[in-house]
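Just so you know, these numbers come straight off a predicted model, no measurement behind them.
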Amino acid sequence: MAQRRQMIEALARHSGQTVERIERDIDRDFILRGVDAVEYGLVDHVIESRQLVPVAVSPNGSSAAPR
């Protein structure tokens with residue numbers, strides 16, 4: 001129970017939500033879409049899209065991002 005209390009307090013501290021709200025929300029499935037997670041205070045922003053970087057694979061099978 002001590003770990004749960006620490007988690008709740010950390011979530012409340014970093015999200016700006018009350019301890020009571022965090023307790024209520026984590027007692028059940030609480031699914032947030034990106035914008036909702038921002039509004040709740042769990043994330044700073046949502047990445048709309050990302051650019052994929054090609055990876056070169058050497059003959060021995062190891063991979064490395066191009067420079």
Side-chain angles (χ1 to χ4, degrees):
M1 291 303 267
Q3 288 178 331
R4 179 179 171 85
R5 174 56 48 192
Q6 288 176 340
M7 178 187 65
I8 290 169
E9 290 173 358
L11 284 168
R13 184 172 54 253
H14 292 289
S15 69
Q17 300 298 327
T18 64
V19 168
E20 293 78 19
R21 178 155 186 199
I22 297 292
E23 288 173 332
R24 185 176 62 241
D25 291 343
I26 67 171
D27 276 341
R28 56 183 169 72
D29 289 344
F30 188 68
I31 300 168
L32 296 170
R33 300 234 183 260
V35 175
D36 299 325
V38 172
E39 291 172 0
Y40 195 86
L42 291 178
V43 298
D44 294 325
H45 64 278
V46 177
I47 299 172
E48 297 294 331
S49 65
R50 64 183 181 158
Q51 181 179 3
L52 297 177
V53 178
V55 175
V57 178
S58 67
N60 68 3
S62 64
S63 61
R67 296 178 186 210

Could you name each residue pair satisfying ring pair (Phe, Tyr, Trp, His ring centres under 6.0 Å) that touches residues 2-27, not counting sequence neighbours?
-> none
Within residues 23-43 or reaching into it, pairs that qualify as ring pair (Phe, Tyr, Trp, His ring centres under 6.0 Å) - sequence neighbours excluded = Phe30-Tyr40
Which heavy-atom pair separates Ser15 from Leu42 by the least distance, and what is that distance?
-> CB-CD2, 4.3 Å
Closest heavy-atom contact between Thr18 and Ala12?
-> C-CB, 4.1 Å
All pairs passing salt bridge (Lys or Arg N to Asp or Glu O under 4.0 Å) where residues 1-17 contributes a residue, at least two apart | Arg4-Asp27, Arg5-Glu23
Around Arg28, counting heavy atoms of other residues, nucleotides and ligands shown, do more than 12 lie under 6.0 Å from its CZ?
-> yes
Should Met7 and Ile26 count as side-chain neighbours, where that means a heavy-atom distance under 4.5 Å?
-> yes
Following the transitive rule for hydrophobic clusters with a side-chain heavy-atom cut-off under 4.5 Å over Ile, Leu, Val, Met, Phe, Trp and Tyr, establish whether Val35 and Val38 coincide in one cluster.
-> no
Working to the nearest 0.5 Å, report the span between CD of Glu20 and CD1 of Ile8.
-> 10.0 Å
